[in-house]
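See structure below.
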Amino acid sequence: MSKPYTITTAISYPNGRPHIGHAYEVIATDAIARFQRMMGRDVFFQTGTDEHGLKMAQTARNRGIEPRELADEMSAYFKVMNDDLNISYDRFIRTSEPDHHSASQAIWQAMEANGDLYLGRYEGWYSVRDEAFYDEKELIEGEGGQKLSPQGTPVEWTVEESWFFRLAAYQQRLIDLYTSQPDFIQPDSRRNEIMRFVEGGLSDLSVSRTSFDWGVKVPGSNGHVMYVWVDALTNYLTGCGYPDDAERMARYWSEGGDITHIIGKDIVRFHTVYWPAFLMSANLPLPKKVFGHGFLLNRGEKMSKSLGNVADPMELAERFGVDQLRYFLLSEVTFGNDGSYSAEAIVARSNSDLANSFGNLAQRTLSFIAKNLEGRLPEPVAQDVDSDLLKTVVEAAQTFQNAMADLAPSAAIEAWMRAVFACNAYIDAQAPWALRKTDPARMEAVLATLYEAIANLAIMIQPVIPASATALLDQMGLSGEGRSYAVIGADWYAQLRASGFILNPPKPLFPRLDLPAEEA
């Protein structure tokens, strides 16, 4: 039996409403989680919101409300986004929850017991926007002499009493981790960046703040709250039952377990340097993989409130359809690289792949069967050309599975589309509408082949467009248990025919999209 699979997004910082980048991350992670479930695995998928820190306190103060009120309001927007985008999370975590405070304090005490925390005085450069500390050597010069972080965010000189984590002591252990487990950081470009950073030397890390109080209290330390990244990163353990649920931890966060973090490339350092060091200090298992995906660009430009090009994912989903948006983001962008989106690109991709290629294939095949055979499933009498097509679909399904297992959804979709194109070439060549008069038996064999191929294509693509694939499989009579990858290539069609299933006239799945007049 395969081991359980734990997958997480980064938890979103809710000092503003969700943007398309948040949607991209949860959609990609959801597709991977759905794929692993279809492979028969016990999956735990967690997402949520990271609600503490100075940014939240400042945003709340600027609005004249308490941080808790801001967190409640903004976190709700993120949960609605997840639900409306059909994200199959198992837990939506909020770091303001009491059990998360307990988990954060437990890992703090474990690091303290290991001798890795000490009280000192922090003097250095801090970015409020990044919630991150930076060494002088990492800073860049901005306009008017303003010092900026490597991300281009303003930094300010900060002086306060702080607890420190002995990060420098873990430098060699981290290098050994990256060397012995080259897949720990993916893609390779991110791994190389982190290797250079750690090899350049690590400084001990300030892990508490006294200048604000909106956060997890440091155990036994009056006036200190945890540096937000100690608290935020621990959310992954909270969902897996830490520290009290040993049975749940053994299932979803164990030594050698299959644990994957999907995060943006801008927070790879926190997840691949600080996080494994914290876990090593607390004598807890490490994740198996951290994958840093790229950014989404609006027509090639980085999104910015000042430029007015920050897209609301729910507006896009309402305009174009949830599955159409999911499909576009996963097919258009090579996972790990930056990618660009626009209304024109979403419309073009959806119409080309979903409406014209797959949707039209399914609609004309199923409509033909419903009309000419009164919904009776056609008799299969296979010729080589029929068997070759079904073999092509089975091979595409294997390629699809391999690509999804490698966290490459765009490559998986390419394999699926090649099989869709093969089916369209087959129906055009075999022309069942012409066979209806000249060779009805051959017509049925062609339609039977197409029926099986289309259902297998729908099974294959479920993680990407779950609602549409489910609707099609419902129409085609495949039951829930008959929708895993194990049935592709199996003899399910004969069993469905034997059951006496009658196909009703199908409903179109993918209406053609039109570009709004102002953008045409």
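Since the model is a prediction, treat every value here as computed from it, not as a measurement.
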So, applying ring pair (Phe, Tyr, Trp, His ring centres under 6.0 Å) with Phe44, which one of Tyr252, Tyr5, Tyr89, Trp253 is it?
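Only match with Phe44 under ring pair (Phe, Tyr, Trp, His ring centres under 6.0 Å): Tyr252.
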
Starting at [atom1] of [X], measure out to [atom2] of [Y] and round the result to the nearest 0.5 Å.
| X | Y | atom1 | atom2 | result |
| --- | --- | --- | --- | --- |
| Ser104 | Tyr242 | OG | OH | 9.5 Å |
| Ser342 | Asn298 | OG | CG | 8.0 Å |
| Leu205 | Arg166 | CG | CZ | 13.0 Å |
| Ile20 | Met314 | CD1 | CE | 9.5 Å |
| Asn235 | Asp99 | CG | CG | 10.5 Å |

Ionic contact status for [Y] with [X], cut-off 4.0 Å:
| X | Y | value |
| --- | --- | --- |
| Glu138 | Arg269 | yes |
| Asp72 | Arg94 | yes |
| Lys79 | Asp84 | no |
| Asp42 | Arg251 | yes |

I'd like to know if the side chain of [X] pairs up with that of [Y] as donor and acceptor (distance under 3.5 Å, no hydrogens or angles considered).
| X | Y | value |
| --- | --- | --- |
| Arg37 | Ser88 | yes |
| Arg68 | Ser96 | yes |
| Asn62 | Gln58 | no |
| Arg34 | Asn86 | yes |
| Glu51 | Thr95 | no |
| Thr9 | Thr29 | no |

Shortest non-hydrogen contact from [X] to [Y]?
| X | Y | value |
| --- | --- | --- |
| Met460 | Pro463 | O-CD, 3.4 Å |
| Ser484 | Ile459 | O-CG2, 3.7 Å |
| Arg326 | Pro466 | NE-CD, 3.5 Å |
| Ala60 | Leu70 | N-CD2, 3.7 Å |
| Ile461 | Ala469 | CG2-CB, 4.2 Å |
| Gln171 | Gly201 | OE1-CA, 3.5 Å |

CD of Gln172: more than 12 outside heavy atoms within 6.0 angstrom?
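Yes - once you tally the heavy atoms of other residues, nucleotides and ligands closer than 6.0 Å, there are more than 12.
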
Going by the rule ring pair (Phe, Tyr, Trp, His ring centres under 6.0 Å), which residues pair with [X] if we only count those two or more places apart in sequence or in a different chain?
| X | answer |
| --- | --- |
| Phe328 | none |
| Tyr327 | none |
| Tyr13 | none |

Over 60° means perpendicular and under 30° means parallel, so tell me whether [X] and [Y] are parallel, tilted or perpendicular.
| X | Y | value |
| --- | --- | --- |
| His293 | Phe335 | parallel |
| Trp229 | His271 | perpendicular |
| Tyr170 | Phe165 | parallel |

Taking salt bridge (charged side-chain N to carboxylate O under 4.0 Å, His left out) as the test, write out the residues that go with Glu73, two or more places apart.
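Glu73: salt bridge (charged side-chain N to carboxylate O under 4.0 Å, His left out) contacts with Arg63.
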
Salt bridge (charged side-chain N to carboxylate O under 4.0 Å, His left out) for Glu97 and Arg91? Distances and angles first, verdict last.
CA-CA 13 Å; Glu97 296 170 11; Arg91 177 161 181 182; 2.5 Å; yes

Could you check Lys217 against Asp231 for salt bridge (charged side-chain N to carboxylate O under 4.0 Å, His left out), going step by step and ending with a plain yes or no?
CA-CA 10 Å; Lys217 304 295 185 285; Asp231 153 19; over 6 Å; no

Should Thr153 and Ser127 be marked as a side-chain hydrogen bond (donor to acceptor under 3.5 Å, both in side chains) after you check the CA-CA gap, both sets of side-chain angles, and the distance that decides it?
CA-CA 7 Å; Thr153 58; Ser127 165; 3.0 Å; yes

For a quick test of your reading: what N or O donor-acceptor pairs under 3.5 Å do the side chains of residues 273-282 make, sequence neighbours left out?
from, atom 1, to, atom 2, distance (Å)
Trp275, NE1, His261, NE2, 3.2
Ser281, OG, Asp116, OD2, 2.6

[X] side-chain N/O to [Y] backbone N/O, donor-acceptor pair under 3.5 Å:
| X | Y | result |
| --- | --- | --- |
| Ser468 | Leu509 | no |
| Ser340 | Leu297 | yes |
| Asn15 | Lys55 | no |
| Arg191 | Phe184 | no |
| Glu332 | Ser410 | no |
| Tyr24 | Phe295 | no |

Looking only at the aromatic ring of each residue, does the gap between the centers of His100 and His52 stay below 6.0 angstrom?
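Centroid separation for His52 and His100: 6.0 Å or greater.
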
Tell me the salt bridge (charged side-chain N to carboxylate O under 4.0 Å, His left out) pairs involving residues 255-265, sequence neighbours left out?
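Output for this query lists Arg41-Asp258, Asp258-Lys288, Lys265-Asp338.
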
Cation-pi between Arg418 and Phe400: NZ/CZ under 6.0 Å from ring centre and within 45° of the ring axis?
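Ring-cation test returns no.
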
